[in-house]
Every structure is written in structure tokens, then in C-alpha cells.
Amino acid sequence: MKSTLNKTNDVNGTIVIELEKADYQEKVDKSLNQYRQRANIPGFRQGKVPKSLIQKLYGKAILVDEINKVVSDEMGNFIRDNKLKVLGEPLPADNLDEEIDLENDEVLKFSFDVALTPEFDLTLDKSVELTSYKIQLEPELFERQMDTYKQNYGTYVSVEEEAKDTDLIKGILVEMEGDKEKEDGQVIENAILMPSYVKDEETRNSFIGAKVGYSVIINPRKAYDNNEAEIASLLQTTKENVADVNSDFRFDINEVTRYKEAEMNQELFDKVLGEGVVTTEEEFRSKVETELVKQFKPDVDHLFIHEVRDLIVKMMEEVTFPDELLKRWLLAADEKRTADEIEKDFPKILEDLKFHVARQKIVEENEIKVEFSDIEALATEVARAQFAQYGMTNLPADVLQNYTKSLLEKEETVRNLFDRATENKIIDWLKENVTVIEKEITSKDFNELMSGHMHQHDEHAEEPTQESEPQHEAPADTTPEQPLDTNQPPSDEVADTEEGTESVEKPAKKRKTSTKK
């Protein structure tokens, strides 16, 4: 077996693999024997089919399959052993004069065009200035979070006062027949309702102002406007059992409870931050502010890395890439896309690719490494941040650990965490080696800036595309998170949101062998 690289120029080349019969015949014979053992052909016992018949029926297909495997393995080994930086995947050369004759050629020659990563200089030193934002929380935002904590950690307490529409009223429900209790009628011992949920105004007003010891007549069907789910909830049964219920009930009030916000004291401090973390309101407010600012970090990093990306793309304007071969690869990699679509999207794809190879250059030249411990730490940070968005900052260790474990069980999530950990280390390296201009900005102004940034990229975003990238490398996406977003429950996914494109490493396709019939 012999493999060579013939370079057309610095970024285009052809890998030629030459096979002799000895390179693949043993594998072909082994596969034929395996087929023979498994073949189920009428007239022959399993395992006793003549080899000549197996050769006639399956020989050509087995030969092609085994040669493809040998060629594919050799291609991977050649690229790895020669440390070639290949963009995308090798493609069968399209300028062959004649097809390969597997049965008669003494030497089988396979040619593949390869796109090579260009060599280029990247100057990132103190002469380069980049902006990093320092968030100053708006007082309204901070006080709103304080109110949320007091609401979340409040409790219901019994009151002797007149009931309000948001109080919980507890008591006994007794089914009536006229002015008397109905014989064998329903009795619900632990009935509970909140006046504000009662749809009928007259019924609702009859509970507002009531006290312990009062009795109120209620017709559930009227009170809840024939909503059988709510009627069933009040009567503590199923919807099927209330289909014919239209009686009045007497509600004997035993207890009125009112929600009371938590007080700003040690009990609240311990529930929010952990026991003994802070001991005064001043410390509590300072610690909460620090934690809230942390929630902006993914977005701050997102804007920082985008500024880096724009700078690098500009630095690489004159760097030559194998454009035509990359377009061929994109067309082969996605059968749903047309040549015209790829031509239209290619400038944006090329920008993404330039930033990707620049990232790899920074990682390799500065020996930036991501260990699994880095991924675990980031997963824990992501989990903690997701819960923190809902004011859940003092999670039990086992809950946080189990949630983190669930993140690490998904391959796609781990890949995204790996990329984020890599990007975090690149950001750290950049901040040490370039000049960072720290710019203070209020949380309100920053959110407007971020919203405008995302809107701008949404407007210019093309349909999600496959980004060309070197083989066997992790994808490059960031995962900005919106701070203080309480519209969605914590997700166990780490999303990709890099400018509307996904960078996905495709599995290597089998290389087809063209043969004479």
C-alpha cells in the first residue's frame, strides 16, 4: 500500500492511495467465509453453501465493501500520521480519466481531493484593544429580586381578621337540600378555596369579609361557571362524579390563612444563600448583587467573543482558502442544498470557518487544554445558574449533583460544554494577552444592547448551515444565557445559539469505488 499527497497549491491537494491485491484479499476471503457461515439459501444447509456460489452471489459487493474499508482506514491514518489539517472531508477526485477495474487492475489507484487549512499569522497582543462590559445592576432590578426572595420564602399564617380575596379559606362543605342538610349528602371535611379564583362575583363577595365561625352558602356549579375540573377540585373528586352536581353547599369556615412575605432576617439569609454564609442584611444584599451580576457573564462573554470574531475575520481578509473545493464538499455533505444556495451562503460560511481555524490556531499554539474536570465544573456552573434564575440559589448538594450528572449523560450536551470550556479558556488567554477596555454599563442598557445584537444577527442569519471544519475536532458554538429569565423552567440542555448556525461534525462517509462492469 502506498499513499502520497500531491499539492496543487498551499490549500488544495490530492491524496493518492495505491492498493495491491495483498492489501485487501485476506479481508475479502474472511468476509466471504463469514457470509458462507451465515447464508440461508434454499437447497443448502446453513454453513454448507459452496464457496463458489457465495463468490458468485456476493463476491463483487464484498470486494467493494472491503476495499472501501481499507481505503477509508488508510485515508484516516495518512491524514493523522502526516498531521494534515484537512477542512471538511476528502472528496473523490473529479478529474479521473477512467474508472478502476477491480477484477483486472494489478494496482488499484484511488485519488481524493483535499482542502487544506492555510498557514497564516495572527497577531493578538497588547496592541489589540477589545471591549469587555462590567454590569451595574439597575436598582429596580435588584429590589425586584429582593421582593422575589421574600415572596418565594414566605408562609401562610392563620388570621382572625376578615378574609381577603387572596386568603385561603378552609373548612367543612356540607351538601344542602333547601335549608337543611341533605340526608346522605356529600360532606367534605377539609375543603379549601381562595375567593379570587371563584368566578361568580356574588359568591366571591360572600367569602370576602367572612371570618372563622362563619357559614357561607355556595353552589359550586354557579361559583365556577360550570367548570367541572374546578368543581371536582373543590369537592375533592373526579370530573365524572360531578357531572350531575347542582346542589347548594354550606361552607363552615374553620380557618383563614394569609400569605405573609418572609422577613429580611437570618432565616431568609440562610434559605437563600446557605446557613451562615452571611449574617447581616448588608452582607446579604451585597452577596445577592454579586450572584445576579454573574448571571450576565455568558452574555458578556458572548459579546466579547463576537468582537474577537469580527476582528479575526478582518485580519484574515487576504488569507486564501480552497473555496471551490469547500463548495463541492458542502454540496456533497447536504443533499438538500443546491449549488446556488451554497454560493449565496458561502461568504458567511467562510467567515465562520476563518474564525474556527483561528480558534484552533490559538488553542494549539498556546497549548490550551480542556480536561474532563473543566467540563464537570462548567456543568455544575450551568446547573447552578439555571436554578438561580428562579431564586433557587441554595440547592441541596445532592440535587445539584444529580442535575449536573444528568447534563453529563447526554453526548450533545457534553460536546457543547467542551466547546464552552474551550471558549472560556480562549477568553481568559485573550484577556491576558490583549488590551481589554472595561466599560461599565447598567443592566438595563446592557439588556438593550444584547437584544439589539441578537436582533441584528437574526435579521442577517441565513438558514442553518453546515460549517466546514477540520476532521476530528470539536464544534465551535457559544451558549449565551439570558439573565433573570423566569419564563422557562430549568432546562437540562445546553443550547447552541451562535448566529443561527450550527457547527456539527459529520461522521465520515464511505468512499465509493468506481468500477467497470
Exercise. With sequence neighbours excluded, what pairs up with Pro347 under the side-chain contact (heavy atoms from CB on, under 4.5 Å) test?
Worked result: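 By the side-chain contact (heavy atoms from CB on, under 4.5 Å) rule, Pro347 matches no residue at all.
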For this session: Report yes or no: is the cationic atom of Lys271 (NZ for Lys, CZ for Arg) under 6.0 Å from the centre of the six-membered ring of Tyr149, at an angle within 45° of the ring normal?
Result: no
Exercise. Taking the six-membered ring of Phe418 as reference, does the NZ or CZ atom of Arg420 fall below 6.0 Å from its centre and within a 45° cone about the axis?
Worked result: no
Any donor-acceptor N/O pair, [X] side chain to [Y] backbone, under 3.5 Å:
X	Y	answer
Asp270	Gly276	yes
Asn241	Thr237	no
Asn12	Thr8	no

Exercise. Parallel, tilted or perpendicular: which fits the ring planes of Phe446 and Phe296, with parallel below 30° and perpendicular above 60°?
Worked result: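 Taking Phe296 first and then Phe446, their aromatic rings stand perpendicular (interplane angle over 60°).
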Exercise. Hey, what's the ring geometry for Phe112 with Phe110, parallel, tilted or perpendicular (30° and 60° as the breaks)?
Worked result: parallel
Exercise. Does any non-hydrogen side-chain atom of Lys109 lie less than 4.5 Å from one of Val16?
Worked result: yes
Donor + acceptor pair across side chains of [X], [Y] (<3.5 Å):
X	Y	result
Asn6	Thr14	no
Gln37	Asn33	no
Ser127	Asp125	yes

Exercise. So, do Tyr403 and Phe387 have ring centers that fall under 6.0 Å from each other?
Worked result: yes
